[in-house]
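A short write-up of the structure that comes next.
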Amino acid sequence: MEREKTKEIYNAQEREGYWQKFWEREGINEFDPESSRQLFTIDTPPPTISGALHLGHVFSYTQAEVIARYRRLAGFNVRYPMGFDNNGLPTERLVEKEKKIKGRALPLAEFVRVCLEVTDLYKEQYKNLWKSLGLSIDWRLEYSSISREAQRLAQTVFKELFEKGAIYQKEAIALYCPTCSTSVAQAEVEDNEETSVFYDIAFTGVDGDELIISTTRPELLPACEAVFVHPDDERYAMMVGKTVTTPLQRTVPILVDDKVSMEKGTGAVMCCTYGDETDVYWVRKHNLPERIILTLNGKFIHLEEIPEISSKSIREARNIIVALLRERGAIKKEQQICHAVGVHERCDTPIEFLPTKQWFVKILEKKDDLIRAGERIQWYPSYMRKRYEEWVSGLKWDWCISRERFFGVPIPVFVCDSCEYVYIPDETVFPIDPKLEAEISACPKCGKGGLIPEKSVLDTWFTSSLTPDINNTSPMNGKLAGKLYPMSMRPQGHDIIRTWVVYSIVMGLYRHQDIPWHELMISGHILLQKGEKISKKTGGGAVKPEELIRTHSADAIRYAMYGASLGRDAFYEEQEVKKGKKLIVKLYNAGKLILSNLQDFETDSIRSESELEAIDRWIIARSRATATEMARAFEHYEYSRARLAFEDFFWRDFCDNYLEIVKGRLWSDESLSNAQRASAHYALYHAYLNALTMISPFIPHITEEMYHAEFSDGGVIVSRTDSGFFATREGQKSIHCISWPVVKADILTENEARGVELMLATIAEIRKYKSIQHMTMGARLSSVILKGKTEQRNLLHPFWNDLTFVIRAEVLSFQDENSIDVPDTLTIRI
RNA sequence: GCGCGCGUAGCUCAGUUGGUUAGAGCAUACGGUUUACAUCCGUAGGGUCAGAGGUUCGAAUCCUCUCGCGCGCACCA
């Protein structure tokens with residue numbers, strides 16, 4: 001008789017949306033400012049709106065998410081907000097690319113309007129992804145870094161720091177990106193390996209002799225102000241103090257400095273204004289004149305001696321000059337080299353050193369304080385602190401916060417054109433844009449000059465570094481307003497330690513004389529395969545998060561993200577997703593088995609857990625011990641370890657062993673006492689509910705589904721928001737509102753624990769026997785004799801009936817280890 | 001060059017303060033499964049814990065050195 005079983009299937013994609021709507025409707029993730037429970041506040045990274053979402057976003061955000069959910073179950077009042085960093089250079093670049101426009105070419109108001117339009121669109125995309133992943137964010141706490149509130153805060157802080165003397169304006173050599181036409185901070189410069197040509201160029205000495213210098217920047221020849229050699233270099237000793245003439249007929253001194261490397265090139269180097277940081281140093285140290293030949297958009301100015309390069313780009317000018325030098329026979333050698341070049345992280349353009357007037361936040365004098373503050377924060381993983389310290393101690397520039405861009409928070413400053421007085425309006429008028437102020441009055445100080453509005457906007461990190469303050473001052477904080485600083489925890493990637501962590505601590509020190517958070521959770525990157533990083537630049541390749549969720553479900557993707565330990569780079573493994581799917585199915589099926597057998601279960605059927613069968617107490621104790629282990633792991637942000645502990649418990653102990661064992665009592669007829677059956681029911685109820693609870697931070701949808709599941713008359717599982725086998729008995733509307741399981745008391749004696757171990761070992765022996773004999777695990781054995789010590793028999797005693805059932809023995813008996821084997825009987829030594 | 005991290009089964013990784021015979025999943029081989037399981041269960045094979053030296057009764061774990069990989073910083077004429 002063949003009967004096609006109608007298999008019941010958990011339709012993850014459909015059910016996940018159902019529960020997401022339920023959570024939102026019921027406010028399951030909402031932060032309650034009136035609650036007296038202990039706070040756990042999260043300083044969520046506001047993602048930069050700079051393009052499409054990729055798997056890297058999913059990876060890092062799910063990591064913080066699992067902690068938020070755990071803390072909620074552990075009884076904390078969790079504040080888990082989301083923000084959006086939707087201004088600044090990255091956003092402008094996105095908008096320019098998408099709309100094929102140039103910010104510089106548009107009226108400011110028009111460009112800002114387009115920026116807002118585009119970022120709002122992306123914001124929705126981001127939000128939809130977070131929601132479809134089931135992130136337990138309280139969306140009422142959403143903020144945006146370009147909002148009026150954030151702008152007001154940023155400008156207020158600017159004024160505050162300026163008045164404290166922590167912000168200053170200075171005309172100085174700054175790191176400058178000619179493509180973006182803006183200054184940048186040290187933290188935004190990264191190294192790129194680039195091929196380049198190392199030219200040996202002949203200069204002419206006073207006596208007509210040659211002096212050959214080596215350079216990769218021949219186009220800067222017109223700005224050459226000196227030639228340097230090492231003081232110990234005997235090759236050039238004769239020429240030191242004299243002058244040389246460049247092939248462009250510029251006569252400059254030959255000086256010594258021990259920063260020159262004798263080995264590199266010819267050992268003679270030209271100093272130009274400015275080719276690199278050393279040039280800046282030399283010009284200052286040796287008091288050299290400055291000849292700036294580059295404009296702020298990276299084009300050359302008109303030069304008498306070489307008019308050909310006028311208004312040419314760096315690359316074009318280099319070609320022109322090289323051709324010219326070749327013609328004149330001044331190039332003695334050309335060598336292809338590969339060297340690191342400091343480039344702007346947003347556009348890969350080599351950074352130039354140009355004199356501009358910029359605003360800075362003093363951080364160099366704060367190095368020691370910053371390092372001390374870093375020591376007061378718990379870093380997870382702890383070695384990440386080193387990176388912070390390395391970066392802070394290696395800082396060479398104050399934090400340049402002005403950007404000559406458009407879509408950002410305006411610097412709220414007017415400067416008097418006569419006495420240079422810096423006028424910052426009263427903060428009650430913030431946010432303001434000085435450029436757009438119609439009325440500009442006379443200077444309040446000298447009364448003579450006019451006030452010139454500042455045109456720059458703030459580095460977007462200036463606002464981002466204030467996220468702890470943004471959270472702290474949110475209108476949603478109720479009676480906790482202003483009491484959320486420092487926050488409990490900041491989750492973020494290791495790549496932005498040098499920016500976001502550093503600047504946030506800077507702000508914390510200046511504004512609060514305190515650290516911004518107690519703990520830092522630093523995550524790694526997800527890689528598609530060895531060496532292939534998913535980042536803003538690569539865009540994440542073919543793996544699109546939305547599509548992954550659609551094909552595999554959010555729970556499965558989430559699960560896969562928790563495989564690697566915190567801080568480590570991990571590979572995206574399809575296999576991990578498969579593993580997640582299997583766990584989901586397993587939870588579903590185990591639930592089906594349990595619900596179908598527990599229909600008449602009442603929570604008060606057992607007066608005290610001590611009444612339970614030993615094996616039932618064991619599985620309950622195991623579930624609680626696992627919860628304790630997981631809790632410890634979560635508290636140290638070791639979610640992968642928590643996941644592992646769960647799998648060990650659920651897959652091995654609960655499904656493979658306990659469920660198989662307990663089936664005996666579930667299926668048995670009247671020969672069994674009600675108490676024994678009730679004991680099994682009680683254990684199944686609690687151990688399974690504990691399992692659901694413990695894994696719910698990882699896979700919140702399937703666990704909610706099972707919490708609300710009911711075994712219907714038709715023999716199928718139905719799950720609805722307003723009902724559910726567990727939901728009605730627990731009296732909580734969501735599994736995400738119940739309490740983390742805790743160890744209540746020692747409910748298992750030591751001997752019982754040893755008995756369980758012995759029992760499991762015995763089961764394994766029998767399974768091994770059946771496997772070798774090619775028997776099915778359910779094959780009946782007419783008689784089995786366990787042979788061992790009397791003590792072992794006593795240990796096994798409480799489990800005898802269950803053991804007999806699970807190995808499918810008709811008769812299970814015991815013999816002393818020294819007795820003679822009974823022929824034709826299966827004898828297992830224990 | 002400096003700093004950090006890593007190197008454990010064919011693959012991806014666990015391995016808590018040094019302590020029985022180093023674990024898991026996947027893959028492989030064999031077998032079994034339909035009274036939860038788009039399966040699932042069982043069994044087996046598979047490791048010089050990168051290498052060398054040291055500390056110790058005892059080292060994958062601690063120390064030193066070497067090699068390889070990754071990352072950060074510096075160099076970047």
Side-chain angles (χ1 to χ4, degrees), chain A residues 3 5 7-10 190-194 196 198-199 201 213-218 220 224 227-228 259-261 264-272 275-279 282 337-342 350 381 383-391 393-394 396 494-495 497-498 524-525 527 530-531 533 563-565 567-571 573-576 578-579 581-582 585-597 629 632-633 636 638 640-641 643-645 647-648 651-652 655-656 659-660 663 666-667 717 763-764 766-779:
Chain A
R3 187 168 63 93
K5 209 169 122 188
K7 297 230 172 180
E8 219 185 314
I9 283 170
Y10 168 63
E190 63 182 28
D191 281 357
N192 256 13
E193 280 293 314
E194 288 188 3
S196 171
F198 205 27
Y199 297 95
I201 299 173
I213 62 104
S214 306
T215 184
T216 53
R217 304 284 309 266
L220 292 178
C224 177
V227 168
F228 279 94
K259 273 210 168 198
V260 178
S261 154
K264 201 169 269 182
T266 58
V269 52
M270 68 170 181
C271 169
C272 307
D276 64 15
E277 222 165 278
T278 321
D279 291 340
W282 280 332
I337 58 160
C338 193
H339 68 156
V341 179
Y383 59 76
M384 288 294 181
R385 192 210 321 262
K386 267 274 184 208
R387 272 198 206 194
Y388 168 80
E389 288 173 355
E390 287 266 309
W391 178 261
S393 44
K396 288 183 187 160
H494 61 62
D495 52 335
I497 289 176
R498 63 189 204 176
H525 285 130
L527 314 170
K530 268 212 170 19
K533 204 195 276 186
S565 45
R568 292 187 58 160
D569 291 348
F571 300 112
E573 299 260 3
E574 187 98 14
Q575 221 168 67
E576 282 288 313
K578 253 169 96 180
K579 218 170 139 186
K581 280 181 163 173
K582 278 165 80 167
V585 171
K586 192 79 174 172
L587 278 164
Y588 183 81
N589 285 312
K592 203 159 91 181
L593 170 72
I594 291 162
L595 293 186
S596 64
N597 281 286
E629 193 183 340
R632 207 173 38 227
H636 293 93
E638 293 169 331
S640 61
R641 177 180 272 192
R643 198 188 85 170
L644 212 66
E647 284 165 354
D648 260 8
W651 216 275
R652 295 274 82 81
C655 291
D656 295 349
L659 288 183
E660 290 309 317
K663 274 176 185 172
L666 292 181
W667 293 347
I717 294 280
I763 294 170
I766 301 280
R767 283 173 175 166
K768 190 170 174 176
Y769 169 80
K770 287 185 178 176
S771 188
I772 290 167
Q773 299 297 318
H774 294 185
M775 292 163 88
T776 105
M777 288 303 130

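Worth saying up front: this structure is predicted, and the values here are computed from it rather than measured. Here is how names work: the chains are called A, B, and so on, in the same order as the sequence lines, proteins then strands, and each is numbered from 1.
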If you go through the side-chain atoms of E390(A), does one of them form a donor-acceptor pair with the base of rA74(B) closer than 3.5 Å? no

How long is the line joining NZ of K578(A) and C1' of rC11(B), in whole Å? 13 Å

So for T776(A) and rG32(B), does any side-chain atom that can act as donor or acceptor lie under 3.5 Å from a complementary atom in the base? no

Taking 4.0 Å as the cut-off, does a side-chain nitrogen or oxygen of K768(A) come that near to OP1 or OP2 on rA44(B)? yes

Is any side-chain nitrogen or oxygen of R568(A) closer than 4.0 Å to OP1 or OP2 of rG7(B)? no

With a cut-off of less than 4.0 Å, is there a side-chain N or O of K663(A) near OP1 or OP2 of rA36(B)? yes

With a 4.0 Å cutoff (strictly under), does any side-chain N or O of S214(A) reach OP1 or OP2 of rA77(B)? no

Determine: side-chain N/O of H525(A) to OP1/OP2 of rC71(B), distance under 4.0 Å, yes or no. no

With P as the reference atom in both, quote the distance from rC65(B) to rA27(B) in angstrom, rounded to an integer. 43 Å

Only pairs with both distances under 3.5 Å count, Watson-Crick or wobble alike; so what is the partner of rC6(B) in this structure? rG68(B)

Using a strict 4.0 Å threshold on nitrogen-to-oxygen distance, state whether R652(A) and D656(A) make a salt bridge. yes

Complementary nucleotide of rC49(B), counting Watson-Crick and G-U pairs under 3.5 Å: none

Partner of rU34(B) by Watson-Crick or G-U wobble geometry, both contacts under 3.5 Å, or none? none

OP1 or OP2 of rC75(B) under 4.0 Å from side-chain N/O of K396(A): yes

Pair assignment for rA77(B), Watson-Crick or G-U wobble, requiring both distances under 3.5 Å: none

For rC11(B), what is the paired nucleotide under Watson-Crick or G-U wobble rules, both distances under 3.5 Å? rG25(B)

Are any of the side-chain nitrogens in E576(A) or R643(A) under 4.0 Å away from the carboxylate oxygens of its partner? yes

Phosphate oxygens OP1/OP2 of rA14(B): is one of them under 4.0 Å from a side-chain N or O of R643(A)? no

For rU61(B), the nucleotide meeting Watson-Crick or G-U wobble distances (both under 3.5 Å) is none

Closest nucleotide of RNA chain B for V585(A) versus for V341(A): which of these residues is on the 5' side? V585(A)

Rounded to whole Å, the NE2-C1' distance (H494(A) to rG3(B)) equals 15 Å

Do the side-chain N or O atoms of K582(A) get closer than 4.0 angstrom to the phosphate oxygens (OP1, OP2) of rC26(B)? yes

How do I772(A) and Y383(A) order along RNA chain B: which one's closest nucleotide is nearer the 5' end? Y383(A)

A side-chain contact here means heavy atoms from C-beta on lying under 4.5 Å apart; do R387(A) and M384(A) qualify? yes

Measuring only between side-chain heavy atoms, which start at C-beta, is S214(A) closer than 4.5 Å to K264(A)? no

Considering only the C1' atoms, how many Å lie between rC6(B) and rU43(B), rounded to the nearest integer? 35 Å

